[in-house]
Protein chains: 2
Amino acid sequence: MLQRISSKTVSAREVRPALAALQPVENATLALRVYRGLREMLMAGQVQPGQKLTLRELAGALGTSPMPVREAVQRLAVEGALEALPNRTIRVPVMTKTRFREVRRIRIALEGLAVEEATRHLRAPDFARLEKYNGEFTRGLQRRHPDLSRVFRANKELHFAVYEAAAMPVLLGAIESLWLQIGPVLYLSLRTRADYRGRSPAPDWHSRLLGALRRRDAVSARRALEGDLMSAGEQILAEGELPE
Amino acid sequence: MLQRISSKTVSAREVRPALAALQPVENATLALRVYRGLREMLMAGQVQPGQKLTLRELAGALGTSPMPVREAVQRLAVEGALEALPNRTIRVPVMTKTRFREVRRIRIALEGLAVEEATRHLRAPDFARLEKYNGEFTRGLQRRHPDLSRVFRANKELHFAVYEAAAMPVLLGAIESLWLQIGPVLYLSLRTRADYRGRSPAPDWHSRLLGALRRRDAVSARRALEGDLMSAGEQILAEGELPE
DNA sequence: CTAAGTATAATGTGATCACATATCAACCTT
DNA sequence: AAGGTTGATATGTGATCACATTATACTTAG
């Protein structure tokens with residue numbers, strides 16, 4: 001969360017139609033690209049919780065000097081996606097069950113607020129996109145061998161499409177930070193399961209959520225979101241093999 | 001905001017009573033000390049919103065190289081206490097009225113959750129400390145020329161003593177991050193007012209909160225906190241001269 | 001006189017180096 | 001054999017330097 005503020009200068013493509021073909025050039029700092037790379041790696045669950053990381057090792061793998069890695073790692077540590085131990089070593093945080101439950105409660109508070117607020121902002125054209133994401137999600141789950149990374153992406157896009165509609169940037173940043181902490185565990189714990197089919201939550205919380213949003217029923221929308229987070233969380237707690 | 005994880009090794013003072021007089025030695029990195037210094041500066045409202053900062057300037061003032069300042073500033077930017085513009089310049093964020101209202105809503109959600117949870121954890125001896133802070137706060141306000149920094153500190157200590165009792169570390173970090181964003185505005189806007197006496201909130205929300213906590217009445221405790229945040233916020237919005 | 005272009009100064013970024021500290025193994029002492 | 005010591009290796013931290021980019025002031029064309 002909290003990338004650099006996006007540039008507000010008028011882009012040239014709008015001024016000169018002849019230059020419309022120009023792609024925006026990559027302008028980000030090296031540290032920012034390293035940050036995004038590590039972030040992806042974490043959210044995709046490609047590193048084991050508790051694993052120790054060294055700056056030089058990461059720098060070597062990424063082909064940079066340790067400097068930008070330092071910034072990126074430090075940033076992820078502030079967000080809770082990595083852990084800076086007092087020994088001055090860095091490791092992937094271990095998500096305990098109690099910690100998972102705590103994050104779930106915070107998520108219900110914050111994402112519930114976002115859903116309530118989004119109820120007042122969502123317009124008809126928005127729902128097309130929401131339905132599309134929800135379709136990808138449910139269809140992905142019904143496949144014989146679900147591509148979990150696609151399913152998770154659709155789930156994330158659905159949730160954040162709603163949250164962004166709330167138009168509360170600070171809140172959005174806080175929610176993203178929590179997803180970053182939960183992401184690796186979520187993916188890892190579900191990836192270990194052989195069969196995910198038929199486990200779609202008994203009440204289809206996503207559809208209930210979208211229905212409530214269409215009716216501008218903030219209370220029901222919040223309740224549907226709570227159901228979604230609680231039931232998904234119970235699956236993780238039951239089968240995710242979290243310590244403690 | 002996730003400092004380094006505190007060391008869990010058994011401190012020597014508990015093992016050998018003879019060494020009880022030993023003070024813990026300063027072990028933090030330079031970057032961490034710079035971070036704390038800047039943090040204090042921001043929370044105390046010693047810099048103007050919108051003011052631009054440069055690394056070399058800060059480093060010169062602090063007597064260090066730009067390096068640790070870089071880390072500290074980057075960290076504060078992640079937490080939202082500073083702003084990294086796309087021009088690669090750093091400035092103190094400007095708090096608009098709408099942004100202030102958004103943060104207030106998030107605070108009510110998070111700090112309300114903390115209060116509810118604290119209701120189940122607070123024990124009799126805890127209340128002595130809470131009453132002490134509350135006493136400092138109200139007495140400080142009744143003075144002819146209130147020392148606002150003392151009043152704010154007492155207020156902060158009271159609130160966080162409750163939040164810490166909730167025993168939810170992730171939640172505590174999120175709340176601290178919000179206070180860090182609000183702090184400078186809070187102090188600045190109130191400092192400009194000539195007279196603060198007699199403005200103590202009509203219903204004494206702090207006392208109501210403590211009373212509800214004693215009775216283990218989570219609902220009333222949350223309501224008291226909401227009243228506190230809302231009424232304090234209205235004062236800022238009315239007299240704080242925030243832009244927009 | 002206004003706006004575009006240009007030169008100079010200043011700033012953040014990234015690389016490299018030096019150093020204090022932590023980690024771990026082998027070794028020694030009791 | 002257990003606890004302590006010592007030495008070697010590796011790691012994060014901070015300083016210094018080089019460079020691309022940005023900001024600012026100045027100049028110049030229209």
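Each chain gets a letter, A, B and so on, in the order the sequences are listed, and its residues count up from 1.
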Chemist: Rounded to the nearest Å, what distance is computed from the CE atom of residue B/Met67 to the C1' atom of nucleotide C/dA15?
Modeler: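 Atom CE in B/Met67 sits about 10 Å away from atom C1' in C/dA15.
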
Chemist: By nearest atom, which of the nucleotides C/dA15, C/dG12, D/dT13 is closest to the B/Thr29 side chain?
Modeler: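 Output: D/dT13.
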
Chemist: For residues 58-66 of chain A, dump all side-chain donor-acceptor pairs below 3.5 Å to protein atoms at least two apart in sequence or in another chain.
Modeler:
from, atom 1, to, atom 2, distance (Å)
A/Ser65, OG, A/Met67, N, 3.2

Chemist: On the side chain of A/Arg70, is there an atom forming a donor-acceptor pair with the base of D/dG14 - under 3.5 Å, no angle test?
Modeler: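 Present.
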
Chemist: With B/Val73 as reference, evaluate B/Leu53, B/Thr54, B/Val34, B/Leu55 under the side-chain contact (heavy atoms from CB on, under 4.5 Å) test and give the passing residue.
Modeler: B/Leu55

Chemist: Verify the distance criterion only: is there a donor paired with an acceptor across the side chains of A/Glu79 and A/Tyr35 at less than 3.5 Å?
Modeler: yes

Chemist: Output all residues satisfying side chain to side chain donor-acceptor pair (under 3.5 Å) with B/Glu164, sequence neighbours left out; order by chain, then residue number.
Modeler: none

Chemist: Name every residue in residues 53-65 of chain A that has at least one heavy atom under 4.0 Å from any atom of DNA chain D, in order of residue number, or write none if there are no such residues.
Modeler: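 Here the set is A/Leu53, A/Thr54, A/Leu55, A/Arg56.
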
Chemist: Quick one: which of D/dT13, C/dA15, D/dA23 gets closest to the side chain of A/Arg88?
Modeler: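 The listed nucleotide nearest to A/Arg88's side chain is D/dT13.
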
Chemist: Rounded to the nearest angstrom, tell me the gap between atom CD in B/Gln74 and atom C1' in C/dG12.
Modeler: 12 Å

Chemist: Would you mind reading off the distance between B/Leu85 atom CG and D/dT21 atom C1', rounded to a whole angstrom?
Modeler: 15 Å

Chemist: Answer with yes or no whether the side chains of A/Asp126 and A/His121 bring together a donor and an acceptor at under 3.5 Å.
Modeler: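 Judged by distance alone, the side chains do not pair up.
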
Chemist: Nearest-nucleotide wise, let me know which of B/Pro66 and B/Lys52 is further upstream toward the 5' end of DNA chain D.
Modeler: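 Going by which nucleotide is closer to the 5' end, it is B/Pro66.
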
Chemist: More than 12 foreign heavy atoms under 6.0 Å from NZ of A/Lys52: is that the case here?
Modeler: no

Chemist: Rounded to whole angstroms, how far apart are CG on A/Leu30 and C1' on D/dC19?
Modeler: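 Whole-Å distance recorded here is 14 Å.
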
Chemist: Where the side chain of B/Asn87 is concerned, which of C/dT13, D/dA15, D/dT22 is the nearest nucleotide?
Modeler: D/dT22

Chemist: To the nearest angstrom, how far is A/Arg91 atom CZ from C/dA22 atom P?
Modeler: 17 Å

